[in-house]
Participant: 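Here you go, one structure.
These figures come from a predicted structure and were not determined experimentally. In what follows, every heavy atom counts, from backbone to side chain, and hydrogens, waters and symmetry copies are set aside.
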Protein chains: 2
Amino acid sequence: MHKPLKAVDPYGPARRSAARMLIAQAVDATSGAFTASELAEGLASAGNGVGLATIYRALSAMEESGYVVRVGARGEAALFARCGRDGHHHHAVCTGCGAVEHVECHLDQTVGAAATGNGFTITDHEMTIFGVCKTCN
Amino acid sequence: MHKPLKAVDPYGPARRSAARMLIAQAVDATSGAFTASELAEGLASAGNGVGLATIYRALSAMEESGYVVRVGARGEAALFARCGRDGHHHHAVCTGCGAVEHVECHLDQTVGAAATGNGFTITDHEMTIFGVCKTCN
DNA sequence: GGGCATGTGAGAACGATTCTCACTTATACC
DNA sequence: GGTATAAGTGAGAATCGTTCTCACATGCCC
């Protein structure tokens, strides 16, 4: 079902609480990208109500440990996804099913070079890519 | 002072009200990227108080007519900039002075090709680039 | 087992943005 | 120039995602 993912500890050296374990399971059970409130709904409908604040805290802990990444935004809400891949890259999100595709970052060779041609030094960048996956196509 | 910009009507065929003219002037007087509330502050401190709702409405009218573009976000707030350049491209924003640099988009040739290799069709993408400009460097 | 640092939950707070509604005004038409 | 009216305005309420607060609960180390 899942592609093999880098085995990363969801929370690093932090404490293993019941709520955080439920949240990590819910994240693993989700095949694509999700928002914090979708996660909350999923947990609630499975009878595991977890406070929204707790979910946000768990998500930022997971983000910090590299277990999940922010892959863009759906409307106003931040979109997260499980990512175990190493190295700098971006994510394309399928607008149909939410599937996430890893995308190499060519900024350094292309856009970066173009920008620095004007004496501009890029320090940070973010890319949000939406599309339609093979299955939904 | 300014690079020559494509002469675009700020509001298209819409009505020329006093408030909108003030807002367009404030946008023109700003050399780099700005948020809606920065624009509001600037207008207020110049003695031209304009309602925030009006500024948002004017900005979306300007965005629609292509007079300004959304170049990313500073914290939670959307970052706008005057852009008269044709064709698809992105914008790099200097974190020091807010200066905006146009950046070619190489997504179609590079990232796009990589993604579609997996059967993924990219329909939409956004890029936010931050850095330091020649002057601030 | 005890102590305490850390996590939790509910709800308030926050900030950006949008909406509402009564009022004003630019513009088209006479 | 006068008038009708569609479009814009302003103030403030509403909305929505996210973060903060605070009292309480609980993992983990000794």
Side-chain angles (χ1 to χ4, degrees), chain A residues 9-27 33-65 67-81 93 126 128, chain B residues 9-27 33-65 67-81 93 126 128:
Chain A
D9 211 348
Y11 301 108
R15 194 186 282 184
R16 264 106 191 106
S17 74
R20 289 196 165 193
M21 288 301 112
L22 285 171
I23 295 170
Q25 278 166 30
V27 167
F34 55 88
T35 66
S37 38
E38 281 165 11
L39 209 55
E41 273 173 40
L43 283 162
S45 67
N48 300 315
V50 175
L52 207 44
T54 302
I55 289 178
Y56 277 108
R57 277 183 291 232
L59 279 174
S60 37
M62 288 194 206
E63 199 184 352
E64 208 161 311
S65 78
Y67 192 75
V68 300
V69 288
R70 211 172 277 255
V71 295
R74 172 146 57 227
E76 287 289 279
L79 216 43
F80 295 87
V93 180
E126 257 172 56
T128 306
Chain B
D9 212 345
Y11 301 107
R15 197 186 279 186
R16 264 104 192 106
S17 74
R20 291 199 164 191
M21 288 301 111
L22 284 171
I23 294 170
Q25 277 166 32
V27 166
F34 55 89
T35 65
S37 38
E38 282 165 12
L39 209 56
E41 272 173 40
L43 283 161
S45 68
N48 301 315
V50 175
L52 207 44
T54 302
I55 289 178
Y56 277 108
R57 278 182 291 230
L59 278 174
S60 36
M62 287 194 207
E63 200 184 352
E64 207 162 313
S65 78
Y67 193 75
V68 301
V69 287
R70 211 172 277 255
V71 295
R74 172 144 57 226
E76 287 289 279
L79 217 43
F80 295 87
V93 180
E126 258 172 54
T128 307

Participant: Distance check needed: dC28(D) C1' versus Tyr11(A) OH, whole Å only.
Facilitator: 18 Å
Participant: Can you check the Arg16(B) CZ to dT9(D) P distance for me, whole Å?
Facilitator: 12 Å
Participant: Counting heavy atoms from C-beta on, name the nucleotide in dT17(C), dT19(D), dA6(D) closest to the side chain of Ala78(B).
Facilitator: dT17(C)
Participant: Reckon Tyr56(B) has a side-chain N or O less than 4.0 Å from the OP1 or OP2 of dT17(C)?
Facilitator: yes
Participant: State which of dT19(D), dG7(C), dG9(C) makes the closest approach to the side chain of Ser17(A).
Facilitator: dG7(C)
Participant: What is the distance, to the nearest angstrom, from the CG atom on Leu22(B) to the P atom on dA26(C)?
Facilitator: 12 Å
Participant: Take the protein atom CD of Glu76(B) and the nucleotide atom P of dC14(C), then report the distance between them rounded to whole Å.
Facilitator: 15 Å
Participant: Grab the CZ-P distance between Arg70(A) and dG17(D) for me, whole Å please.
Facilitator: 14 Å
Participant: Which nucleotide in the set dT18(D), dA26(C), dG10(D) lies at the smallest distance from any side-chain heavy atom of Arg57(B)?
Facilitator: dG10(D)
Participant: Can you measure Met21(B) atom CE to dT27(C) atom C1' for me and round it to whole angstrom units?
Facilitator: 14 Å
Participant: Could you state the CG-P distance from Leu39(B) to dT17(C), rounded to the nearest angstrom?
Facilitator: 12 Å
Participant: So, for Asp9(A) and Tyr67(A), which heavy atoms are closest and what is the spacing to 0.1 Å?
Facilitator: C-CD1, 4.1 Å
Participant: Check every strand shown and say whether Ala53(A) touches a base, only sugar-phosphate, or nothing at a heavy-atom separation below 4.0 Å.
Facilitator: base
Participant: The side chain of Ala36(B) is closest to which nucleotide in this list: dG8(D), dG17(D), dT17(C)?
Facilitator: dT17(C)
Participant: Rounded to the nearest 0.5 Å, what's the gap from CZ on Arg57(A) to CG on Leu52(A)? Could you check?
Facilitator: 10.0 Å
Participant: Starting at CZ of Arg74(A) and ending at P of dC16(D), how long is that distance when rounded to a whole Å?
Facilitator: 16 Å
Participant: Of the options dT25(C), dC28(D), dT18(D), whose atoms approach the side-chain atoms of Arg15(A) most closely?
Facilitator: dC28(D)
Participant: Could you measure the distance from the OH atom of Tyr11(A) to the CE atom of Met21(A)? Nearest 0.5 Å is fine.
Facilitator: 6.0 Å
Participant: Report the distance from atom CD of Glu126(A) to atom CZ of Arg70(A), rounding to the nearest 0.5 Å.
Facilitator: 8.5 Å
Participant: Counting just side-chain N and O atoms, does Arg20(A) come under 4.0 Å of either OP1 or OP2 of dG7(C)?
Facilitator: yes
Participant: Have a look at Val27(B) and tell me which of Leu22(B), Ile55(B), Leu39(B) forms a side chain to side chain contact (heavy atoms under 4.5 Å, CB included) with it.
Facilitator: Leu39(B)
Participant: Taking for each residue the nucleotide of DNA chain C with the nearest heavy atom, is it Ile23(A) or Leu52(B) whose nucleotide lies nearer the 5' end?
Facilitator: Ile23(A)
